[in-house]
Novice: 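Next up is a structure, given as structure tokens.
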Amino acid sequence: MSSLIRKTATAILIGLTMALPAAQAAPGDALPLDKLKLPPGFSIELLARVPNARQMALGEAGGGQVLFVGTRGEGKVYGLELGRDYQPGTLHVLAQGLTMPVGVAYREGSLYISALSRILRLDNLAAGLNRPVKPVVVVSDLPTEAHHGWKFIAFGPDGLLYVPVGAPCNVCERDPALYATILRMKPDGTQRETYARGVRNTVGFDWQPGTNELWFTDNGRDMMGDDVPPDELNRAQRQGQHFGFPYCHGGTVKDPEFGAKRACSEFTAPAQALGAHVAALGMRFYGGAQFPAAFQGRVFIAEHGSWNRTSKSGYRVTTVKLEAGRAVAYEPFITGWLQGERAWGRPADVMVLPDGSLLISDDLAGAIYRVRYQTP
């Protein structure tokens with residue numbers, strides 16, 4: 001990205017904090033929630049309309065709780081005020097004019113935003129959202145390629161910011177020290193290092209409670225057919241592991257172009273093979289107390305949905321059940337955003353609220369849903 005574009009984007013961001021009408025959906029904006037199928041005892045409701053909603057992060061601003069929401073196509077970052085019982089209030093535009101600001105991460109009163117080649121930070125949120133905020137540029141030298149350039153970001157238990165750099169292609173061999181990696185760094189952007197390699201495109205990760213191990217989704221390559229290769233749920237038990245891209249997919253599938261160079265046995269296999277082309281994005285461990293015991297500790301995954309499969313796949317939320325650190329079941333949790341071959345919604349991220357309810361973002365419907373459980 002040129003210095004002129006960088007300066008322009010920053011100028012656009014400054015001073016654009018603005019309030020929108022209350023975020024509750026108007027009657028004319030009704031979505032067909034009755035089409036969604038959940039396990040017994042679970043219910044889903046529309047919490048708020050947020051255009052192109054992608055990654056979510058919970059934080060504080062102005063003395064209250066705020067749901068921060070990144071976007072991809074909108075170029076905006078939103079802050080949704082939350083009241084008692086997490087009911088939605090005013091929706092604020094905190095930034096706009098950015099390039100694919102998908103990722104948001106809250107830490108110690110500041111909001112970190114990924115914007116392609118840059119990581120930005122909005123400080124002093126305690127002063128409220130109804131004011132101009134000048135961003136601090138934390139990182140400005142990440143790759144500028146838009147292909148897999150949007151970034152889910154999060155702070156780990158170690159206090160470091162984890163930032164993925166996707167492969168700038170469907171499948172290719174590009175600088176392995178930079179592309180197809182998960183990086184981590186101090187909050188000020190210094191001491192950058194590579195945590196994992198061979199990761200084609202992760203747009204969701206979380207740390208397992210109790211072990212602090214990093215788990216992440218990874219989107220499999222395209223153009224190998226409807227059912228190959230699978231998307232992946234991976235487990236990084238230590239720094240330095242390689243997860244196979246571009247040589248091996250799904251732990252067992254040699255790449256037709258690069259697979260002859262290295263054996264699949266050299267790499268860390270997925271903890272769970274997911275559906276082919278489901279576009280597994282945001283994921284979180286469920287550590288709340290509201291859902292039944294059978295769902296405690298499960299991984300919840302937002303499957304955004306396929307784009308190049310003969311019959312569409314994904315467009316749902318799934319769970320992966322774990323026992324002793326191993327995946328033992330991969331199951332649908334919510335289906336119905338896909339009706340036949342037409343989709344009216346695409347889950348993009350999931351997040352557990354402190355009360356144990358589950359939020360789901362949907363960038364196609366421009367919605368945030370809330371899932372709750374009551375004993376049948």
Novice: For a 4.5 angstrom cut-off between non-hydrogen side-chain atoms, does Val371 reach Ile334?
Specialist: yes

Novice: With a 6.0 Å cut-off on ring centres, are Tyr286 and Phe291 close enough?
Specialist: yes

Novice: Looking at every non-hydrogen atom in both residues, tell me the closest pair between Phe245 and Val171 and how far apart they are.
Specialist: CZ-CA, 3.7 Å

Novice: Are any non-hydrogen side-chain atoms of Asp363 and Arg72 less than 4.5 angstrom apart?
Specialist: no

Novice: Have a look at Leu67 and tell me which of Leu91, Val104, Leu80, Leu353 forms a side chain to side chain contact (heavy atoms under 4.5 Å, CB included) with it.
Specialist: Leu80

Novice: For Tyr247, run the side chain to side chain donor-acceptor pair (under 3.5 Å) check against Lys261, Arg262, Lys254, Glu173 and tell me which one passes.
Specialist: Glu173

Novice: Would you call Leu359 and Tyr369 a side-chain contact if the rule is heavy atoms closer than 4.5 Å?
Specialist: no

Novice: With a 4.5 Å cut-off on side-chain heavy atoms, are Leu94 and Tyr78 touching?
Specialist: no

Novice: Looking at Lys312 and Asp226, is any side-chain nitrogen of the basic one under 4.0 Å from a carboxylate oxygen of the acidic one?
Specialist: no

Novice: Please indicate whether Glu341 has more than 12 foreign heavy atoms, meaning atoms of other residues, nucleotides or ligands, lying under 6.0 Å from its CD.
Specialist: yes

Novice: How far apart are the closest heavy atoms of Val136 and Asp123, and which atoms are they?
Specialist: CG2-OD2, 3.6 Å

Novice: Does the Lys NZ or Arg CZ of Arg184 fall within the cation-pi geometry relative to Tyr195 - under 6.0 Å from the ring centre and within 45° of the axis?
Specialist: no

Novice: Between Phe155 and Trp207, is the gap from one ring center to the other below 6.0 Å?
Specialist: no

Novice: Taking Asp222 first and then Arg309, would you say they form a salt bridge - that is, a charged N and a carboxylate O separated by under 4.0 Å?
Specialist: no

Novice: Can you see which heavy atom on Asn234 is nearest to which on Pro270, and at what distance?
Specialist: OD1-CA, 3.3 Å

Novice: Treating Ile, Leu, Val, Met, Phe, Trp and Tyr as nodes and any side-chain heavy-atom pair under 4.5 angstrom as an edge, say whether Val350 and Phe285 lie in one connected cluster.
Specialist: no

Novice: What about the rings of Phe42 and Phe333, do their centers lie closer together than 6.0 Å?
Specialist: yes

Novice: Test Met283 against every option in Thr318, Thr202, Leu233 by the side chain to side chain contact (heavy atoms under 4.5 Å, CB included) rule and name the one that passes.
Specialist: Leu233

Novice: Looking only at side chains, do Ser357 and Arg370 share a donor and an acceptor under 3.5 Å apart?
Specialist: yes

Novice: Compute the ring centroids of Phe243 and Phe267, then answer whether they are less than 6.0 Å apart.
Specialist: no

Novice: Between Asp85 and Arg372, does any side-chain N to carboxylate O distance fall below 4.0 Å?
Specialist: yes

